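In this text, all values refer to a predicted model and were calculated from it rather than measured experimentally. Numbered from 1 within each chain, the chains take letters A, B, ... in sequence-line order.
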Amino acid sequence: MAYWLIKSEPTVYPWAQLVKDKRTSWTGVRNAQAAINLKAMKPGDRLFFYHSNEGKEIVGIAEVVKAAYPDPTDEAGKAVTVDVKAIEPIKTPVTLAAIKAEPKLKEFGLVRQSRLSVVPVSDEQWKFILKMSAA
DNA sequence: GCCAACGTTGGC
DNA sequence: GCCAACGTTGGC
């Protein structure tokens, strides 16, 4: 099982909305690198849900329920989307500041490539961030 | 196929 | 609101 982090601007699609919807298709990703990551996702993979711009923190955990398929919102037909569902909120949101302050997370994609909206998370990073969120 | 110009994202 | 990082576009 693999781990990922997906970003959303709270003003566009906040965590609370995913909880309310229970599941959604993660459309609108146009970036090539992000699309590669989407394609690598498998049902059962876990995702951190991160709020960009406002909040700037990881707020919940979601799960991939359907592997990548063509994004119906993309007229060019190149983009892909996956379906995700909310699993649980995080006890203590893990802020970007906290992640940056942590030497162990220096290599985290969120820090290294801040503009990428779909980022892989290693096992170690996942566990470490989980620990931070349980504090 | 290279690279400058331009647009967008996202943190501060 | 500003600016750095980075992706995309378009001229050559």
Any K100(A) side-chain nitrogen or oxygen under 4.0 Å from OP1 or OP2 of dC12(B) | yes

Please confirm whether the backbone N or O of W15(A) pairs with a side-chain atom of H51(A), one donor and one acceptor, at under 3.5 Å?
-> yes

Donor-acceptor pair, side chain of N31(A) and main chain of A34(A), under 3.5 angstrom | yes

Rounded interatomic separation in angstrom, taking CG from L110(A) and P from dC12(B) = 10 Å

Report the distance from atom CD of Q33(A) to atom P of dT8(C), rounded to the nearest whole Å.
-> 10 Å

Would you call M41(A) and W4(A) a side-chain contact if the rule is heavy atoms closer than 4.5 Å?
-> yes

In whole angstrom, give the distance that lies between atom CZ of R30(A) and atom P of dT9(C).
-> 12 Å

Atom NE2 of H51(A) to atom P of dG11(B): distance rounded to whole Å?
-> 12 Å

Starting at CD of E54(A) and ending at C1' of dG10(B), how long is that distance when rounded to a whole Å?
-> 12 Å

Q113(A) near the nucleic acid: base, sugar-phosphate alone, or nothing, with a heavy-atom cut-off under 4.0 Å?
-> sugar-phosphate

Can you tell which of dG10(B), dC6(C), dG7(C) lies closest to the side chain of S52(A)?
-> dG10(B)

Does P43(A) offer a backbone N or O that forms a donor-acceptor pair with the side chain of K66(A) under 3.5 Å?
-> no

N37(A) (side chain) donor-acceptor with V118(A) (main chain) under 3.5 angstrom | yes

Would S117(A) and R30(A) count as a side-chain hydrogen bond (donor to acceptor under 3.5 Å, both in side chains) if you check the C-alpha gap in whole Å, the side-chain angles of each, and the deciding distance to 0.1 Å?
-> CA-CA 10 Å; S117(A) 58; R30(A) 295 291 179 269; over 6 Å; no

Separation of dG7(B) P from R115(A) CZ (nearest whole Å) | 14 Å

Output the distance between atom OH (Y50(A)) and atom NZ (K7(A)), rounded to the nearest 0.5 Å.
-> 6.5 Å

Using a heavy-atom cut-off of under 4.0 Å over every strand shown, decide if L116(A) touches base, sugar-phosphate, or nothing.
-> nothing

Separation of atom CD1 in I6(A) from atom P in dG10(B), rounded to whole Å = 13 Å

Take the protein atom CD of E57(A) and the nucleotide atom P of dC12(B), then report the distance between them rounded to whole Å.
-> 13 Å

Selection: residues 7-17 of chain A, any non-hydrogen atom under 4.0 Å of DNA chain B | K7(A), E9(A)

